[in-house]
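Accompanying notes for the structure given below.
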Amino acid sequence: MQAVNVRLIQVALLTVLLGGWQLGVTTGVIDRFFFPAPLDIVQQVITWVIDPGFYKHVGITLSETVLGYLIGTGLGVAAGVWLGLSPFTARILDPFIKAINAIPRVVLAPIFVLWLGLGLWSKVALAVTLVFFVTFFNAMQGVREVNPVVLSNTRILGARRSDLLRHVYFPAAASWILSSLRTSVGFAVVGAIIGEYLGASAGLGYLIARAEGNFDAVGVFAGIIILAVFVLIIDLLLDCRRKAPDHLAPQGRRRTPGLSGSTNVR
Amino acid sequence: MSIAAAKIEAVSQPGLPPMVTIDDVTMAFGSFVAVENVNLTVGNGEFLSIVGPTGCGKSTILNAIAGLLKPAKGEVSIDGAPVKSVQNNIGYLFQQDALLPWKTAFQNVELGLMFRGVPVEERRVKVMAWLEKVGLKGFEGRFPHQLSGGQRKRVQMAQALITEPKVILMDEPFSALDIHTRHLMQNELLRLWQEDRRAVVMITHDLEEAIALGDRVVVLAAGPRSRVIESFGVDLERPRNVSEIKLDPKFMTLYRDIWASLRGEVEKSYASR
């Protein structure tokens with residue numbers, strides 16, 4: 001009963017909001033140039049969705065996201081485990097890591113374009129810089145928080161350093177990485193889109209930038225909606241993946257709630 | 001039969017071959033001296049209980065035997081070989097959970113054999129046999145968080161004993177369990193130990209447990225600078241039943257004697273707080 005009511009109120013709210021907006025535009029109260037009519041936006045979205053050429057842009061953004069995620073996670077895990085295992089190196093590198101992490105990643109985009117060109121890889125690089133730190137800090141935390149008793153026990157059982165890495169440190173880090181999966185994928189999307197927005201020849205971010213360049217507010221809004229759906233679909237896919245086995249949840253804090261909050265609705 | 005009888009006899013004799021020798025060992029953390037000039041010998045097949053007030057450095061002694069900590073002074077040796085690094089010929093039963101949470105009971109028990117390069121098939125047979133021995137047949141696929149506290153302890157026992165260690169170290173192994181489970185596990189432990197007697201060093205603050213399980217009970221002084229103050233032989237017949245042995249008059253006499261020695265140290269350790 002409660003759930004149905006919530007849904008009804010949500011639909012009513014949306015209807016009032018969009019209906020009022022549409023009404024405002026048709027009566028001329030709202031300026032069409034800045035706030036295009038919802039119906040026009042929907043039309044634009046439909047035009048894009050039925051156009052096969054549109055999927056080239058989706059594909060490019062998707063591959064940038066995936067590549068950025070994979071490379072960023074890979075590097076983050078490697079660096080996190082390494083620094084987690086050698087506190088001395090970690091102490092030396094600490095101020096540098098903090099400094100680099102303090103740089104707003106957006107300002108790196110022009111440099112990446114300069115280095116890697118307008119194509120795919122400058123976006124991947126931007127996504128990597130965002131994803132890397134999330135995974136890096138989580139992996140380092142995971143390694144550092146390995147229970148010393150578990151470690152002693154495994155060593156007494158005869159584990160060499162490589163065995164410890166494989167059977168203790170990596171699984172410990174993996175559990176933390178799994179729990180930060182949604183955050184890091186989100187960052188990968190942000191990196192890819194911002195990279196495209198600031199300079200590209202294809203991709204969803206590019207579509208928005210192009211519409212903006214033409215003072216085409218309909219295009220900008222339609223792009224935003226497409227992006228939202230894009231992220232929601234990724235989120236949904238992650239939801240299935242996130243049904244990770246319980247034993248891989250970090251020790252002491254099982255099952256962290258999703259960051260987007262979308263899981264709370266269900 | 002005759003061999004078993006001879007073994008039991010050998011235990012009560014003071015002159016059995018030494019397995020663990022702790023020679024004038026001092027353990028220190030910076031300027032804090034936990035234990036000082038400790039001399040202990042554990043015979044092969046002997047079950048030694050160490051009791052002492054909390055914070056007297058009992059665990060540091062075990063960690064020195066295991067090679068996890070280096071003594072500031074003195075030397076520890078196992079079966080004649082000095083302990084220089086982490087030892088692989090021992091089994092260590094920790095107070096806390098020491099199982100890998102991302103591995104099943106089977107995989108956890110398998111670890112020691114895997115690190116030693118035992119072939120897969122041989123490993124499987126041995127692990128299944130050990131899981132059955134500790135009463136966990138059918139639980140091999142469970143993860144630690146799917147097992148009860150007692151069951152996790154059983155897995156830990158199998159994990160520590162499967163490598164057939166020369167010495168078994170136990171650090172208050174059952175203190176986290178409820179009293180019934182504890183008695184059950186103590187009996188279980190005695191049964192397993194009886195099968196092929198190995199040297200055992202068990203640390204506990206539970207005097208009943210120390211007497212019920214051990215061949216000898218050593219009392220440590222209150223820390224810091226703790227040392228061995230007295231050693232009591234436990235002249236109780238084996239096999240023992242932990243829950244019934246407490247009614248034995250010999251047990252009660254022993255308890256009274258050891259407690260008389262331990263009480264002063266416990267009071268001292270409280271007075272110094």
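Residue numbers begin at 1 in each chain, while the letters A, B, ... track the order of the sequences. Since this is a predicted model, take the numbers as computed values, not measurements.
Side-chain contact check for B:Phe94 versus A:Val150: every heavy-atom pair is 4.5 Å or farther apart. By the 4.5 Å heavy-atom criterion applied to side chains, A:Leu157 and B:Gln159 are counted as neighbours. The shortest distance between side-chain heavy atoms of A:His167 and B:Gln107 does not fall below 4.5 Å. Contact check for A:Ile156 versus B:Leu68: side-chain heavy atoms found under the 4.5 Å cut-off.
More than 12 heavy-atom neighbours from other residues, nucleotides or ligands sit within 6.0 angstrom of CZ on A:Phe136. For B:Arg116, the CZ atom sits in a packed shell: over 12 heavy atoms of surrounding residues, nucleotides or ligands are nearer than 6.0 Å. Atom NZ of B:Lys70 sits in a sparse spot, with 12 or fewer heavy atoms from other residues, nucleotides or ligands closer than 6.0 Å. More than 12 heavy atoms of other residues, nucleotides or ligands lie within 6.0 Å of CZ in B:Arg154, so this atom counts as buried by the packing criterion. The 12-atom threshold is exceeded at CZ of A:Phe133, counting heavy atoms of other residues, nucleotides or ligands nearer than 6.0 Å.
When all heavy atoms are compared, the tightest approach of A:Gly158 to B:Phe115 is O-CB, 3.4 Å.
The backbone N or O of B:Ala160 sits nowhere less than 3.5 Å from a side-chain atom of A:Asn153 that would complete a donor-acceptor pair.
For the set B:Ile162, B:Asn108, B:Leu100, the count of heavy-atom pairs under 4.5 angstrom toward chain A peaks at B:Leu100.
At a cut-off of 3.5 Å, with distance as the only test, no side-chain donor of B:Gln96 or A:Asn147 sits close to an acceptor on the other residue.
At a 4.5 Å heavy-atom cutoff, the contact between B:Asp97 and chain A is made by backbone atoms alone.
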